Number of protein chains: 2
Amino acid sequence: MKQPSQKDLHFAVLATDVALFSVRDNMLLVRLVSVNRPPYFPNTQGLPGGLIDPKETAEEAVARHLETKAGVAASTLYIEQLYTFSTVNRDPRGRVVAVAYLALVPWEQLSAKQQANTKDAWWAPVSEARKLAYDHDEILAVALARLRSRATYTTLIGRLMPKEFTLTELEHVYESVIKTKLDKRNFRKKILKLDILSELPRKRASGPHRPAQLYRFSSEKVRDIEVL
Amino acid sequence: MKQPSQKDLHFAVLATDVALFSVRDNMLLVRLVSVNRPPYFPNTQGLPGGLIDPKETAEEAVARHLETKAGVAASTLYIEQLYTFSTVNRDPRGRVVAVAYLALVPWEQLSAKQQANTKDAWWAPVSEARKLAYDHDEILAVALARLRSRATYTTLIGRLMPKEFTLTELEHVYESVIKTKLDKRNFRKKILKLDILSELPRKRASGPHRPAQLYRFSSEKVRDIEVL
DNA sequence: CCAAAAGTGTTTTTCCTACACCCATGT
DNA sequence: ACATGGGTGTAGGAAAAACACTTTTGG
C-alpha cells in the first residue's frame, strides 16, 4: 500500500460504485461481483465499480465498469446519480471517494449471458445482499431507499419493465419494489388515469385463464408524476 | 497550468461548492463570493467552495470553506449533499470534480457581521445571482430546484425559520421559496394538521393590529412528510 | 366443468379548494 | 374611529380506499 506523497495532498482517488437492479419472477435483484482484496476483503462480494479516469465523467466510468465487470451493456440501462460517499476510511487501503449510481434494467432486455450467474458476477435478491465489502451495505441501503421513494412519485418503474407487459405484471413489479400489496382495481384505475401507458393491439395468453391485455410505457422518459 | 503526470492518471482534484440560502424580508437570498481567476474568470462571482483535503470528508470541507470564505459558522447550518458535478472541463484549469451541497440558515441566526455584505462575500437575491464562474449557474439551478421540490414534501423549510415565528411568517417563507401565493386559511389548516409545530405560550405584537401567536418547529429533524 | 388469472363499479370517506368577514391592537 | 394584519368555517368537488363477483380460457 502506497504512502501519500506531498503531491497527493489535494488529490483523492475517485471511484464509482453502482447498485444495478432488475426484477425476475416478482423479485427485486441486485447485481453483485466477487471481491477479493486481502487482507481487508478476502473472498467476499460487493457492488460493481471502479476508478474514474481523468478524461471521463463519473457517468462514463459507470458505463465502462458495468460493461467490463458486470457484463451488462450500458446502452440498455437507466442510470442516475445516487450519492457521493466521502468518509475518509471507507476504503482501508487509502482515500477513495465514491460517486455512487443507481441503475435499472428490465430482465428481458438482458442477454442469456448477462442473466447468467458466474463466479465473478451474479444476480442476488436484495434481501440476501448483505455483508458487502467496503461501505457497500450502506450504498445499497441508500440505493434501495431512493428506488422505493422515487417509484412512488415518478415513472421510474418503467425502466424495470419489458417493452410489453400486462397490468398484473406491472402491479407485481411495483409490489416487489415498494414491498406493499396493492389493490388490483384501484391500481388499475390509478395507473390508467395517469395516461403514461399505451394499450397495445394484442393480448397475451399464458395458461388456463383469460388472456391479458398488453401495454407499454408511452415514453421512455422518467417523469415526475404522482403515482400510488 | 500544470501538466498531468503519470501519477495523476487515476487522481482528480476534489472540491466542494455550496449553495447557501437564507430568507430576509420574504426574499430568498444566496451567499456569493468574489472570484478572480484570470484569464478565465477575472473579477466575477461564484458560490463559496474549495478543495477537499485528504483527511476530511466532503461535509467537513464544506463547513471549513463556509467559515473561512463565506464567514458563516457551520454549526448553525443545515447542510445536505446536492449532486456531484464531474464534467471533464467544468474548470478550464484542469480536472476538478465538485461535490455540491445545499445549505440553509435562518437569517436571524446570523451575526451582524455574517449578515453584512463585503467585497469578498455577500448575500444576493437568487433572481439576481447569474453569470457565475465555472458551472455555478448550473449548480445554483439544481440547488434551487431541489430546495423548491423538497420544501413541498419535507419539513426542510424549518431550517430557514427562526426559533420562534408566526404562521404568517412561515407562510411568507414558503411563498418566497416556491414562488406561489398560498391561501391563508388552507395553509394554516394544513400546516397545523401535520403536527410538526408547537404553539408557544406567547404572542408577538408588532404594530397596530392584533398580536400573532408564536410557534416553533417541534423537532429540528427534517422529516419527509407531505406538505402543501 | 373446473381451476386460474383477467377484468370490472359502487359506495364511503377523506382531502383539497374556493371564498369573506370579524378580531385585537396602536395611533 | 380607523387602519392594519391576525384569525376563523363551510360547502362542493375530487380523489382515495374498501370491497366481490363475472369473464375467458386451457385442460
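Remember, it's a predicted structure, so these values are computed and weren't measured experimentally. Reminder, nothing fancy here: chain letters follow the sequence lines and each chain counts from 1.
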A:Asp183 CG - C:dG9 P separation (whole Å): 15 Å
Rounded to whole angstroms, how far apart are CD1 on B:Ile191 and P on D:dT8? 15 Å
Side chain of B:Gln213, backbone of B:Leu200: donor and acceptor closer than 3.5 Å? yes
On DNA chain C, does the nearest nucleotide to B:Asn186 precede the nearest nucleotide to B:Ala205 from the 5' side, or the other way round? Give the residue. B:Asn186
A:Phe187 has an atom CZ; how far is it from atom P of D:dA15, in whole Å? 18 Å
Which comes earlier along DNA chain D counting from the 5' end, the contact point of A:His209 or that of B:Thr168, where each point is its nearest nucleotide? B:Thr168
4.5 Å side-chain heavy-atom contact, A:Asp17 and A:Leu82: no
Just verifying a value: how many Å separate A:Trp123 CH2 and A:Arg31 CZ, rounded to the nearest 0.5 Å? 5.5 Å
Rounding to a whole Å, what distance do you find between B:Leu192:CG and D:dG9:C1'? 14 Å
Would you say B:Lys189 places a side-chain N or O within less than 4.0 Å of OP1 or OP2 belonging to D:dG9? no
Give a yes or no answer on whether the side chain of A:Thr57 reaches the backbone of B:Ser86 with a donor-acceptor pair at less than 3.5 Å. no
Rounding to an integer number of Å, can you tell me how far A:Phe165 CZ sits from C:dA6 C1'? 16 Å
State whether the distance check finds a donor on one side and an acceptor on the other, under 3.5 Å, for side chain A:Arg185 versus base D:dA17. no
Starting from P on D:dT25, measure out to CZ on A:Arg204 and report it in whole angstrom. 16 Å
What is the distance, to the nearest angstrom, from the NZ atom on B:Lys193 to the C1' atom on C:dT17? 13 Å
Could you pick out which residue, A:Lys184 or B:Lys190, lies toward the 5' side of DNA chain C when each is mapped onto its nearest nucleotide? A:Lys184
A:Lys203 NZ to D:dT25 C1', in whole Å, measures 11 Å
Just so I know, are the side chains of A:Val105 and A:Gln114 near enough to count as touching, which here means a heavy-atom distance under 4.5 Å? no
Report yes if a donor N or O on one partner sits less than 3.5 Å from an acceptor N or O on the other, where the partners are the side chain of A:Arg188 and the base of C:dA6; otherwise report no. no
Rounding to an integer number of angstrom, what distance separates C:dC19 and D:dG5 when you compare their P atoms? 23 Å
